[in-house]
Amino acid sequence: MTSIMFKGAKIISTGSAIPSTKLSNHEISEIVQTSDEWIFTRTGIKERRVLQNLDQSIIDLAVAASNKALNKISMDANEIDLIILATSSPDDLFGSASKIQSKIGATNAVAFDLTAACSGFVIALVTASQFLQTGSYRNVLIIGADVLSKWTDWSDRSTCILFGDAAGAAILQSCDVNNNSVLGFQLNTNGNYSNHLSIAYKQGSYPHPKLNLYQGSFKYIAMNGKEVYKFAVFQVPLSILNCLKSLNISVTEVDWLLLHQANERILSAIADKLSIDSSKVISNLDKYGNTSAASIPLALDEELEQSKISTNDIIVIAGFGAGLTWGTIVLRW
Ligand code: COA
């Protein structure tokens, strides 16, 4: 899918933040019946970061990632017009983006949350580029942040081995249409399978005998791992191929494949299906596990820090996860 474009859009800075506490596979094997060997061979994960400090929340991670992105380019937060927080684990059901707006001092920005689980950052990137390419806004801050450790059933060995906490941010700016970097996208949802991965509503108790209603909370992460695995390996390559085809870009022209960091075996299977060499596949799963909406911006920030990505490189970014929702965005760096 391409859009009506009056202006171009490009990422001008990135930042990321992780909690200081590491949780290794070995430590998890002391909580549930599993082993470092089982987890590593099935997922590629060695350890993950978890937010342990009671005084810290997703807001602190998101603010730290955002400030790093702002500081790298010496941008005043007042210049930001829009903040989109992609998260499924906000501090506040009404949204956490406004707290980030306040804490970084982005007084001129409107801020809202976007819930699309592990596809959240890709959809935030698409949404931000729409506002920029139509000329509505000049500077947009997008953040992918999740603290799924708060929503993990730590007695369920099939899910508690997978997830970690983190935040990643990117600042996008409008530019001349000839310098446009966000080339195109392809997004999908199939809600028929939403029960394969969810943090479902939990019916609570009646607040008062005279009131015929109940108050709720949320359950922990529930997942059908096999089905999610099959879905990702089948649908994501199709989305990438469709997106590249619509842009007249061949798979051989792809310099970097940046997939949502869910499972090393999923990354390899998708790359194999596309005949993309493993040297082009960005992966940091071993250190962080699946950090949901944060995984793509965290990996992108790390690659940029290591100066691996060069000007004009074609980067294919694909997210997939709960919804089920999946999609691709193609950038020319
Ligand atoms: N340690 C040891 N054994 C485990 C285990 C663990 N952490 N988790 C499950 N097992 C056991 C199962 O109980 C089962 O035992 P059984 O054969 O005696 O019944 C066996 O290992 C195989 O389980 P299965 O669920 O078939 O494993 P799998 O090969 O499908 O791997 C996942 C499980 C979760 C690693 C894999 O399905 C997966 O990665 N799916 C995608 C999940 C994902 O990425 N979700 C997020 C998307 S955004």
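As the structure lists them, so they are numbered: ligands from 1, and atoms in each ligand from 1. Residue indices begin at 1 and follow the sequence shown.
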Out of all atoms in ligand 1, which are within 4.0 Å of some heavy atom of [X]? Include the element for each.
X	result
I266	44 (O)
H260	48 (S)
C118	48 (S)
F320	48 (S)
G321	48 (S)

Geometric N/O contact [X] with ligand 1, under 3.5 angstrom:
X	answer
N263	yes
L197	no
R42	yes

- Task: Can you measure from CZ (F234) to CZ (F320) and round to the nearest 0.5 angstrom?
- Result: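 It comes to 15.0 Å.
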
- From S198 OG over to K219 NZ, what is the distance, rounded to the nearest 0.5 angstrom?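 Those atoms lie 7.5 Å apart.
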
Is [atom] near the protein, in the sense that some protein heavy atom lies at less than 4.0 Å from it?
atom	result
atom 9 (C) of ligand 1	yes
atom 20 (C) of ligand 1	no
atom 14 (C) of ligand 1	no
atom 17 (O) of ligand 1	no
atom 29 (O) of ligand 1	yes

Would you mind checking which non-hydrogen protein atom is closest to [atom], with the distance to 0.1 Å?
atom	answer
atom 44 (O) of ligand 1	A262 CB, 3.5 Å
atom 35 (C) of ligand 1	T43 CG2, 3.8 Å
atom 7 (N) of ligand 1	R157 O, 2.9 Å
atom 47 (C) of ligand 1	V228 CG1, 3.6 Å
atom 5 (C) of ligand 1	W38 CH2, 3.4 Å

Ligand 1 contact on [X] by region, counting heavy-atom pairs under 4.0 Å:
X	result
I161	side chain
Q33	backbone
I39	neither
N290	side chain

- Do F112 and I84 come close enough that some side-chain heavy atom pair is under 4.5 Å?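 Yes; the side chains approach each other to less than 4.5 Å.
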
- Query: Under 3.5 Å, is there a donor-acceptor pair linking the side chains of T21 and Q52?
  - Reply: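 Judged by distance alone, the side chains do pair up.
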
- Side-chain H-bond candidate by donor/acceptor type, N25 with R48, under 3.5 Å: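 Side-chain D/A pair, N25 to R48: present.
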
- Item | Side-chain donor/acceptor of N71 to backbone N/O of N67, under 3.5 Å |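 Present.
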
- Query: Any sub-3.5 Å donor-acceptor pair from Q186's side-chain atoms to G327's backbone N or O?
  - Reply: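 A pair under 3.5 Å: no.
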
Got a salt bridge between [X] and [Y], using NZ or NE/NH1/NH2 to carboxylate O under 4.0 Å?
X	Y	result
D36	K46	yes
K10	D176	no
E305	K72	yes

- Do W326 and F231 have ring centroids that are under 6.0 Å from one another?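 Yes, the ring centres sit under 6.0 Å apart.
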
- Message: Looking at ligand 1, is there an atom of it that comes within less than 4.0 Å of some heavy atom belonging to V32?
- Response: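 Under 4.0 Å: no for V32.
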
Nearest heavy-atom pair of [X] and [Y]: which atoms, and what distance?
X	Y	result
A62	S66	O-OG, 2.7 Å
I282	Q261	O-NE2, 3.0 Å
A318	I296	O-CD1, 3.6 Å

Out of [options], who gets a non-hydrogen atom closest to [atom]?
atom	options	result
atom 40 (N) of ligand 1	G319, G225, S295	G225
atom 1 (N) of ligand 1	I221, T34, N25	T34
atom 26 (O) of ligand 1	M223, K226, E264, R265	K226

- Message: Within a 6.0 Å radius of atom CD on Q33, are there more than 12 heavy atoms belonging to other residues, nucleotides or ligands?
- Response: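 For Q33, atom CD is not crowded (no more than 12 foreign heavy atoms under 6.0 Å).
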
